[in-house]
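Before any comments, here is the structure.
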Amino acid sequence: MRRADLVAGLTLLAVAAVYFHQSLFIVRGFASDRLGPAFMPRLLAGALALLALALLARATAGRSEASPPPPARVGLLAGTVVLLVAYALVMPRVGFLLATPAFLAAVLVCLGVREPVPLVLVAAGITAALYGVFGRLLGVLLPPGPLGRL
Amino acid sequence: MLERFALGAQVALQPYALLMTLLGVAWGILGGALPGISGSIAMALLLPFTFGMDPAVALMMLAGVYVGAMYGGSITAILISTPGTPGSAITVVDGYALHQRGQSGKALGVSLVTGTVGGIAGVFLLVAFAVPLSRIALAFGPPEYFAFGVFGLALISSFVGRDLVKGGISAVLGLMLATVGTDPFSGTPRFTFGSVDLVGGVAAAAGMIGLFAVSEIFYQVAEGVDWERIRGRYTTKLPSLLELWRLRVATLIGIVFGTIEGLLPGGGGAIASFIAYNEAKRWSKHPEEFGRGSLEGVAAPETANNVVTATALIPLLTFGIPGSNSAAILLAGMMLHGLQPGPALFDRTPHVVYGLFVGLLVANLFMLGLGLLALRPSIALVNVRRPFLLAGILGLVLVGAYSINNSMVEVWIVLLTGLVGYFMRRYGYNVLAMVLGFVLGFMVEANLRRSLLISLGDPWVFFTRPISALLLALAVLTFTWPILRRIREERRLVARAAQGLAERAAG
């Protein structure tokens, strides 16, 4: 896991730096608030930086633990993540009732379902169940899209 | 006392009141089981329907939702790794591990039975000791809350296992995530990157859905065994009576810590369930099973968070201080019916207060019954082909995340934290430590600063107040004990290996 630890250590150092930099813009609270709103964030930024350095030191000294085997289905994971991002971008525009069955069907295809009938039934069924429970019963304002609110 | 109880029973055991309580519990289980819909939202949705009811019945119905939601959240914690409240976050660890071993019925059954025991024990504590126990609540000021939060954070050292660096990183990341949004104290925005959407901070439910549920989906998609081989292996077999009897110590531990935290307004059951889990592990005859599917690891936190539902009503009824969002809705329900909380409430309207107590007992029994009925169907739902299950969970958690605030922001948060959680799992970091930091960060920071405001900047305030000093000392012990024990074990192993080598060299 040496390479993973090196990458993680450097990334975390960068995260700590950005986080600390952002903490400089926090508006000071009132005077009797001794520590102020920026104290905790700076403490955490320091702690993260120290821990990241410890991780890097361990990795360069060659004391990292063995790496896990590479994921068996990287392609599927990448596909799922791309579909999720696309869904989150598109759903507010085209509406829940159009985007969700399309997204679910795409996920199912990505995960290896090839039979058309179960594919369509399951994608439509999950959407209907979610719409019924969340949109109708619980009154969640799901994005309506061009279909409007049924 | 007994006459009042009889009076309460007269109100609560009428068929109409029973029916409404039953409906409340069913609605609560549904609401608790849906990600993003918390018990308090389920109660708020029902509030308008209770306007026309008798105040006692209205409160019973709301209390039914309150009780049912706790178990509903445990169903999803165990079956799809999505805790409904921070109080059932730790249930994911052993509950979901049991489920993955196929023992889903046992995990759900233990959660249900110990939860019912906890709920009923909580009601008895509430009835018998409401007034004396409420004094403990008054002894807790900001320094004590701070110390209690630190005690909770100290558990990280026993949760993270051997790699303290990676565990520490996980916890700090969680604490950092908690600082996003409006500052708990001065009200200035922090780390919102100019976005109005982040001013409210990262919702606890969104962080937990991402870190627990979405990261688990990613993990199952990317790695692990062949899906077709594990089809239909989740069994509905319930725990045996002997197995339940073996959980008595863990359950008792859950009752103790649940009682303490329930008294503290704002506690909400998260710290109690974490501490109960940790103590149950220390007292257990099989601590090595914790984390891999221990029934005790489900029993202790599930008892604790159900005790909290009842004991959180103590500060509510005696002082009018709601200990959680759900208790606040209950308070709203009381106000709507012209009931003013306070010690006088017990004398002026005993039929309402004791009706509520009896109603809580009944609601816990209904929860047991309905939970048993829902057990088979909910396991059947997760026994479908793996791609269908994963797509269904994805749809459910995405809509759940959206419904937290009717906004896409939480959907993005869930995706991002899901990816972070996936990489953390893969490379030996600790998602649980991150959730612990995330859930407690806000409370620890707010009470640290509040304490120093009261003490005019004197940090000794944490050590001169006895309860706070005691809690901090316990925190130090809790933090160092697992580390010292690990060092000792490693030394022993090294010594044994050296001895072996020496013997081989001699022989």
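To find a chain, count down the sequence lines: A is the first, B the second, and so on, and within it residues start at 1.
In terms of heavy-atom pairs under 4.5 angstrom with chain B, the leader among L84(A), V74(A), V27(A) is L84(A). With chain A as the partner, the residue from D183(B), N406(B), T188(B), L448(B) showing the most heavy-atom pairs under 4.5 Å is N406(B). Chosen from D163(B), V444(B), L452(B), L30(B), the residue pairing most often with chain A at heavy-atom distances under 4.5 Å is D163(B). Of all the listed residues (G75(A), P41(A), A123(A), G79(A)), the one sharing the greatest number of non-hydrogen pairs under 4.5 Å with chain B is P41(A). The most heavy-atom pairs under 4.5 Å with chain A, out of L394(B), I41(B), V411(B), come from L394(B). For the set V122(A), V107(A), L119(A), the entry with the most heavy-atom pairs within less than 4.5 Å of chain B is V122(A). Interface remark: of the candidates E445(B), R450(B), M176(B), M408(B), M176(B) forms the most heavy-atom pairs closer than 4.5 Å to chain A.
In this structure the side chain of K166(B) reaches within 4.5 angstrom of the side chain of D5(A), judged on heavy atoms. Side-chain contact between W27(B) and L137(A) is present, with heavy atoms from C-beta onward closer than 4.5 Å. Between V172(B) and L51(A), the closest side-chain pair of non-hydrogen atoms falls below 4.5 Å. Under the 4.5 Å side-chain criterion, counting only non-hydrogen atoms from C-beta, V221(B) is not in contact with R73(A). Annotation: side chain of Y219(B) is not in contact with side chain of P71(A) (no heavy-atom distance under 4.5 Å). Using a 4.5 Å cut-off on side-chain heavy atoms (C-beta onward), L12(A) and L173(B) make contact. R385(B) is listed as a side-chain neighbour of V113(A), based on a closest heavy-atom distance under 4.5 Å.
Contact of Y402(B) with chain A is made through the side chain alone, with heavy-atom distances under 4.5 Å. For Y19(A), the parts lying under 4.5 angstrom from a heavy atom of chain B are both the backbone and the side chain. The contact between S23(A) and chain B is made by backbone and side chain atoms together, counting heavy-atom distances below 4.5 Å. Only the side chain of Y429(B) comes within contact range of chain A, with at least one heavy atom under 4.5 Å from a heavy atom of that chain. At a 4.5 Å heavy-atom cutoff, the contact between L44(A) and chain B is made by backbone and side-chain atoms alike. Of the atoms belonging to L45(B), it is side-chain heavy atoms, and not backbone ones, that fall under 4.5 Å from chain A. With a threshold of 4.5 angstrom between heavy atoms, L396(B) approaches chain A through its backbone and through its side chain. For chain A, the nearby parts of L456(B) are the backbone and the side chain; heavy atoms of each come within less than 4.5 Å.
Distance check: L77(A) CG to I217(B) CD1 gives 11.5 Å after rounding to the nearest 0.5 Å. For the atom pair F103(A) CZ and L398(B) CG, the distance stands at 5.5 Å (nearest 0.5 Å). Note: L104(A) CG to L390(B) CG = 11.5 Å, rounded to the nearest 0.5 Å. Atom CG of L141(A) sits about 12.0 Å away from atom CG of N405(B), to the nearest 0.5 Å.
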Next on the checklist: Please evaluate residues W412(B) and L89(A) with respect to the criterion side chain to side chain contact (heavy atoms under 4.5 Å, CB included), reporting the C-alpha separation (whole Å), side-chain torsions for both, the decisive distance (0.1 Å), and the verdict.
Outcome noted: CA-CA 9 Å; W412(B) 287 107; L89(A) 287 172; 3.7 Å; yes

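Applying the side chain to side chain contact (heavy atoms under 4.5 Å, CB included) criterion to V133(A), with sequence neighbours excluded, gives L138(A), L34(B).
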